[in-house]
Amino acid sequence: MDACRDNPLAATLARSKGTRSSVVGRGLAKLDTGVGSLIAFATQPGNVALDGAGRNSPFTTALLKHLGTPGQSITDDLIAVRRTVLQATDGKQVPWDSSSQTGPVVLNPSPVPDTTTSPAATTATDGTVELAYWNSIKDLTASSFFEAYLQENPNGAFGTLARLKIAARLAAWANSKYRVAPQHLAPL
């Protein structure tokens with residue numbers, strides 16, 4: 001489903017109901033699926049999908065590129081779509097799906113062509129995911145988020161910053177007159 005996930009009438013509906021309720025707010029509500037089904041959305045619940053600059057949105061562009069990859073399951077296709085959209089939107093849009101599939105679904109059962117992935121393409125994709133993760137935690141204060149970042153990206157682009165954040169948290173705790181141990185405070 002490629003829709004902006006925004007209700008252009010939300011403000012009017014809220015005024016007519018005399019409420020500011022989030023029920024008529026931003027984005028589509030979460031949808032559940034029946035057994036054996038899959039619904040793919042352009043972005044996560046509560047967010048608005050970007051339109052993009054070209055003929056199609058980033059989501060549609062990625063779907064056209066990845067959906068029906070020979071020999072690949074639709075689940076793997078959607079992961080490729082998600083990575084492409086994350087990269088195209090600098091991590092601002094995360095495609096979402098709701099699935100209750102009970103087995104693999106392959107749209108194009110042709111044999112997988114023998115191609116090798118270039119290291120540069122893999123690094124660029126991994127860098128985009130790393131950047132999106134860093135942007136989601138950089139303003140947080142709990143050390144556990146930065147420890148998790150270092151666990152996944154021991155030589156990551158933001159490794160030094162993550163270690164500094166953990167050290168600052170440790171110093172703040174050491175200087176605290178209350179000395180209440182913060183959650184997941186581990187030595188470097």
Side-chain angles (χ1 to χ4, degrees), residues 2 4-6 22 25-31 38-53 57-59 61-63 65-67 69 72-99 101 116-188:
D2 187 18
C4 70
R5 296 186 68 115
D6 198 14
S22 64
R26 182 175 161 97
L28 292 175
K30 181 181 180 286
L31 296 175
L38 174 123
I39 302 174
F41 298 95
T43 193
Q44 69 270 40
N47 197 12
V48 177
L50 302 173
D51 289 330
S57 70
F59 180 70
T61 300
L63 272 177
K65 179 179 179 182
H66 297 291
L67 203 59
T69 300
Q72 186 167 282
S73 74
I74 193 167
T75 304
D76 291 334
D77 290 346
L78 291 175
I79 289 170
V81 167
R82 188 171 296 119
R83 286 183 174 174
T84 299
V85 172
L86 277 167
Q87 186 174 14
T89 64
D90 294 322
K92 294 176 188 157
Q93 180 177 331
V94 183
W96 210 257
D97 60 70
S98 180
S99 172
Q101 290 181 308
T116 57
T117 305
S118 71
T122 303
T123 303
T125 301
D126 292 346
T128 301
V129 173
E130 180 185 351
L131 177 61
Y133 181 70
W134 178 258
N135 284 335
S136 73
I137 67 165
K138 68 182 178 184
D139 297 323
L140 301 177
T141 58
S143 299
S144 59
F145 293 104
F146 302 104
E147 291 166 4
Y149 168 83
L150 289 170
Q151 182 77 24
E152 290 296 317
N153 305 283
N155 300 316
F158 304 100
T160 301
L161 290 173
R163 288 180 190 84
L164 287 171
K165 289 257 193 186
I166 294 169
R169 184 82 168 127
L170 179 61
W173 174 75
N175 294 327
S176 168
K177 64 181 177 181
Y178 299 109
R179 296 204 192 228
V180 176
Q183 294 179 345
H184 297 92
L185 191 57
L188 297 174

Can you list the residues that meet the side chain to side chain contact (heavy atoms under 4.5 Å, CB included) rule with Leu67, with sequence neighbours excluded? Leu63, Ile74, Asp77, Leu107

Value rounded to 0.5 Å, distance of CG in Leu131 from CG in Leu86: 10.0 Å

NE2 of His66 to OG1 of Thr69: how many Å apart, nearest 0.5 Å? 7.0 Å

Within the distance-only criterion (no hydrogens, no angle test), does the side chain of Gln93 pair as donor or acceptor with the backbone N or O of Ala42 below 3.5 angstrom? yes

With sequence neighbours excluded, what pairs up with Thr89 under the side-chain hydrogen bond (donor to acceptor under 3.5 Å, both in side chains) test? none

One should read off an interatomic distance between Phe145 CZ and Tyr133 OH, to the nearest 0.5 angstrom, of 7.0 Å

Taking only residues two or more places apart in sequence or in another chain, which ones pass side-chain hydrogen bond (donor to acceptor under 3.5 Å, both in side chains) with Thr75? Gln101

Only one of Arg163, Gln151, Lys165, Arg169 passes side chain to side chain contact (heavy atoms under 4.5 Å, CB included) with Phe146, and that residue is Lys165

Please name all residues satisfying salt bridge (charged side-chain N to carboxylate O under 4.0 Å, His left out) with Asp97, sequence neighbours left out, ordered by chain then number. Arg82

Give a yes or no on whether the backbone of Thr128 and the side-chain of Gln87 come within a donor-acceptor separation of less than 3.5 Å. no

Mark yes or no for whether Glu130, through its side chain, and Asn153, through its backbone, hold a donor-acceptor pair below 3.5 Å. no

Who are the ring pair (Phe, Tyr, Trp, His ring centres under 6.0 Å) partners of Phe158, not counting sequence neighbours? Trp134

In this structure, CG of Leu161 is separated from OH of Tyr149 (nearest 0.5 Å) by 8.0 Å

Working to the nearest 0.5 Å, report the span between CG of Leu150 and OG of Ser143. 10.5 Å

Run the side chain to side chain contact (heavy atoms under 4.5 Å, CB included) test against Asp90 and tell me which residues pass, sequence neighbours left out. none

